[in-house]
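This report concerns only the one structure given below.
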There are 2 protein chains.
Amino acid sequence: MSGLRERKKAETRRSLQEHALRLFAEKGYDATTVEEIAAAAGVSHMTFFRYFPSKPAVVENDDYDPMLAAAIRSRPPDEAPLTAIRHALVAALRAMPAGELSTVLARSRLIVREPTLRARQSEAQRATRQMFAESLAGRGALSDFERQVVAGAALAALTMAIEEWVRVDGRQELADLVECAMTSLTRE
Amino acid sequence: MSGLRERKKAETRRSLQEHALRLFAEKGYDATTVEEIAAAAGVSHMTFFRYFPSKPAVVENDDYDPMLAAAIRSRPPDEAPLTAIRHALVAALRAMPAGELSTVLARSRLIVREPTLRARQSEAQRATRQMFAESLAGRGALSDFERQVVAGAALAALTMAIEEWVRVDGRQELADLVECAMTSLTRE
DNA sequence: ATAATAATAGTTATCAGCTAACATTTACAC
DNA sequence: GTGTAAATGTTAGCTGATAACTATTATTAT
């Protein structure tokens with residue numbers, strides 16, 4: 001698994017992603033063609049599509065979903081659903097090193113500002129919502145439907161927090177914004 | 001404004017939309033090309049794009065936004081934000097004639113089932129969210145940010161209700177589903 | 001070390017959505 | 001009726017995405 005082939009693949013993937021993000025930031029998402037990204041990484045456009053199923057996919061990373069789901073599940077079972085999600089999110093964000101957060105900020109900036117990427121993001125969030133909903137199992141005697149609703153609402157709050165985070169260009173802590181957002185949901 | 005030209009335009013638009021929805025339902029969204037829709041309506045594909053800015057746009061209708069915003073604004077000012085939105089939505093839905101609801105169901109079916117349309121929908125919802133947020137002005141001493149959060153969460157709940165509505169193929173009242181969804185948010 | 005093999009990448013062609021430039025038809029106002 | 005302006009069609013092109021096929025390159029078994 002660490003042969004030359006594997007390393008080359010990883011390197012190509014990384015290079016494609018890196019050049020893509022750089023070009024998107026430099027000249028805009030729509031103004032950057034897959035052809036250009038591939039050329040910058042020294043491969044053909046077909047290779048791009050072998051590594052990423054679509055142009056927007058090169059920006060996305062769903063790596064946090066399982067971690068967050070686990071964090072929700074490990075909250076005390078008597079906590080209300082939205083409260084459990086809030087604590088899980090805030091704790092996860094506070095535990096995140098600054099370097100990683102700035103990467104997340106860069107990606108988020110792109111996604112929030114490019115309509116095409118936003119649209120994709122909301123589609124990717126369906127999986128996240130599903131995970132959130134499942135990780136609420138057994139909490140507060142909710143039906144499947146109600147769990148989806150709560151998970152969806154929490155994700156909407158998280159999304160709003162991230163958009164605000166991008167708007168203030170990271171000058172407020174994302175964890176604080178998420179805490180504020182989630183609290184304004186439960187405080188009714 | 002009711003010259004032959006205007007009438008023809010309205011008729012062309014209606015025809016394009018009608019054939020589009022029919023073809024989408026018959027053979028799927030992706031499998032239906034703009035060319036086919038245009039041909040079915042007896043025009044060229046360029047004419048299609050003169051009437052609708054994009055293929056997905058032919059399915060969308062944002063006609064309800066102003067009505068809903070007004071309904072929210074006219075709720076008693078001491079009602080909590082989520083509660084006000086809930087009552088506004090439920091009242092608007094209960095006042096809707098059955099025929100219109102079945103049209104909404106048909107459109108929703110398409111949108112919920114076609115990933116491409118879902119993605120677009122979520123983008124269109126940004127405008128709806130903005131309207132919801134603005135129509136919450138003065139209610140509950142919320143900041144701009146918090147209003148966006150609450151509006152976003154409410155819309156997420158509405159979306160979940162509509163998805164469930166489609167899932168049960170309209171056999172439950174949408175108003176009831178919305179009421180259930182919104183209530184599960186405030187009940188924490 | 002080398003040949004067989006399997007993975008990986010490139011080439012080419014094609015399709016669909018979408019836009020632009022230009023020509024042509026058609027309703028309207030006079 | 002005729003000129004004008006709107007509406008439509010024609011054609012061509014760009015970009016994202018997929019498929020079929022070929023060529024290259026790393027692995028592996030000898």
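This is a predicted model, so every value here is computed, not measured. Side chains included, hydrogens not; waters and symmetry mates left out as well; all remaining heavy atoms used.
- Atom CZ of F49(A) is separated from atom C1' of dA16(C) by 13 Å (rounded to the nearest Å).
- Toward the 5′ end of DNA chain D lies the nearest nucleotide of T47(B), the other residue of the pair T47(B) and E35(A) mapping further downstream.
- Taking atom CG on L117(B) and atom P on dG17(C), their separation rounds to 12 Å, with Å as the unit.
- Rounded to whole Å, atom C1' of dA29(C) lies 10 Å from atom CZ of R5(B).
- Side-chain N/O atoms of H87(A) and T83(A) include no donor and acceptor closer than 3.5 Å.
- Closest to the side chain of S54(A), out of dT8(C), dA17(D), dA27(C), is dA17(D).
- The nearest whole Å value for the distance from the CG atom in D30(A) to the C1' atom in dC18(C) is 12 Å.
- Looking at the side chain of R50(B), the nearest of the listed nucleotides dA17(D), dC22(C), dC18(C) is dC22(C).
- The residue F52(A) sits apart from the nucleic acid: no heavy atom pair falls under 4.0 Å.
- Spacing between atom CZ of R7(B) and atom P of dA7(D) amounts to 14 Å, rounded to whole angstrom units.
- Distance E6(B) CD to dA5(D) P: 17 Å, rounded to the nearest Å.
- Residues R139(B) and R73(B) approach most closely at NH2-O, 4.1 Å, considering heavy atoms.
- Distance from the side chain of T12(B) is smallest for dT8(D) among the nucleotides dA6(D), dA6(C), dT8(D).
- T33(B) comes within 4.0 angstrom of sugar-phosphate atoms only, judged by non-hydrogen atoms across all strands, and of no base.
- One finds no side-chain N or O of K55(B) lying less than 4.0 angstrom from the OP1 or OP2 phosphate oxygen of dC18(C).
- At least one side-chain heavy atom of D176(B) sits less than 4.5 Å from a side-chain heavy atom of R94(B).
- Between K8(A) and the phosphate of dT25(D), there is no side-chain N or O to OP1/OP2 separation shorter than 4.0 Å.
- Under the 30°/60° scheme for interplanar angles, the aromatic rings of F49(B) and H45(B) are found to stand perpendicular.
- R109(B) CZ to E163(B) CD: the interatomic distance, rounded to the nearest 0.5 Å, is 14.0 Å.
- Separating the CD atom of E36(B) from the C1' atom of dG17(C) is a distance of 13 Å, rounded to the nearest angstrom.
- Closest to the side chain of H45(A), from the set dT18(D), dT19(C), dT8(D), is dT18(D).
- For Y51(A), a side-chain nitrogen or oxygen approaches OP1 or OP2 of dA9(C) to under 4.0 Å.
- Comparing atom distances between the M46(B) side chain and each of dA20(C), dA6(C), dA17(D) picks out dA20(C) as nearest.
- The distance from atom NZ of K9(B) to atom C1' of dA5(D) is 12 Å, rounded to the nearest whole Å.
- Within 4.0 Å (heavy atoms only), T116(B) reaches no atom of the nucleic acid at all.
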